[in-house]
Amino acid sequence: MNILFIVQMDDNNKAGLFLATHNRIKYLKKKTGVRVNIISVKKYDGRLLTLIKKIFKRTVYKKTKASFLFEGITYNNIYIKDTLTKKLLNICGKDLFYYKKVIKSLDIKGIDIISAHWVDLQGSLAFYLKKFRNIPYTLTCHGSDIHTLPYKSKTYKRLVVRNLNNANNVFFVSEYLKEEAKKLGWNESNLSYISYNTIDSKIFFPLSKEEIKKIKKSEKVEEYIVGFVGNLNYIKRANFLVPIFEKIQEKFESNITFYIIGEGPCINLILKQINKSLIDIRFVGEVNQQKLRTYFNIMDCLILPSKSEGLGNVILEAQACGTPVVATNTGGISEAIANKENLVKNNDITIKHEISERVTLILNNRKRIKSNYRTWEDIANDELKIFSEIVSKNTHK
């Protein structure tokens, strides 16, 4: 079987979405008789659009490198030029102009099926390849492409619903996302499957007490450690992190070291908050998976105060290292978290108090947890079975 993956991959941010997509590809690629082709589709701004964005101090998207390599897998970047004309046509429901050149230039000879990850740009290209080249496609919905972005734009929502309803199968990383897709207008006329993300057990696992003791000594931390890992944006409530940490320290008798690990638009705000704070908060930035395992292992608790989440990969990773998690009861988090008692209300007013209460209990009890997960190998087997069924039906039409 020859599978074309249409993805959204930023090689400067190899975290949640990147790894959830990459691991599916990596383990499918290992299967006998499976060949994979990968294109990472991105937009770049035309000259006039670039000029306008610079005037209004908006982010300008440019072409970068043609491809990148990660763990032996090549991701080929495909760039789609964005212009004012295309934007206006898109608003009117005519988005084909974005994809015409790409469709003509793509070598799709021998492709049996398309697996598109992310429902808008990637899903739209898959939709048109099915329409004009008769190649079946599946969509994998990861989170904000379903639960957040469609509510910010009627155009985006319309395209998402179209792409969902024309897919041969829709993979959701949580039951929550499936229910959200129904609310958008997905008619369930096509097949669907809950394909949970999981963790790489070769990377995320508990370290020995001796190893943890050595790491803590080298880090020069307090006896108790609480942290956050993730994108530092407003959806994750990154702007609440320092106030939440201060509330936890206020309630707890012993000193705590707090870690903030990640990158994102709230960085400058967080650094200002840290500079004004009187407690021990350490901003780390983005780290690789092996280093992340180290931080999870020395943490007594991880917090995730998100406003919305598709599933929450960091929950799975932390728990695999034995670290309990306190998180908001939103999105697919309740499907990922081991201890449901550690779910708090998704409410700006009460979140500081509720998280600090739960974290204090965890620090007082100080118990590691045990978690067992399905492997990426299991997930690859399930998805390959569905791909095979779709290809077989399409062949015998």
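As the structure is a prediction and not an experimental result, all values here were calculated from the model. Hydrogens, waters and symmetry mates are skipped; everything else that's a heavy atom, side chains included, is used.
Side-chain contact between D82 and I80 is absent, with no heavy-atom pair separated by less than 4.5 Å. The side-chain heavy atoms of I135 and K130, taken from C-beta on, include no pair separated by under 4.5 Å. With contacts defined as side-chain heavy-atom distances shorter than 4.5 Å, the pair L304/I315 qualifies. Side-chain contact check for W376 versus N197: some heavy-atom pair is nearer than 4.5 Å.
Remark: K42 is not positioned above the aromatic ring of Y61, lacking an NZ or CZ atom under 6.0 angstrom from the ring centre and at most 45 degrees off the axis. Cation-pi contact between R162 and F127: present, with separation from the ring centre below 6.0 Å and deviation from the ring axis of at most 45°. For the pair K131 and Y128, the cation does not sit on the ring face, since its NZ or CZ is not both under 6.0 Å from the ring centre and inside 45° of the axis.
Applying the side chain to side chain donor-acceptor pair (under 3.5 Å) test to E211 and every residue at least two apart in sequence or in another chain returns S208.
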* To do: Check step by step if side-chain contact (heavy atoms from CB on, under 4.5 Å) holds for N37 and D107.
  => CA-CA 10 Å; N37 303 270; D107 181 9; over 6 Å; no
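Using a 30° and 60° split on the angle between ring planes, F171 and F387 fall in the perpendicular class, above 60°. In this pair, Y75 and H22 present their aromatic rings tilted. The plane angle is within the 30 to 60° band.
Taking 4.0 Å as the cut-off between side-chain N and carboxylate O, E223 and R366 count as a salt-bridged pair.
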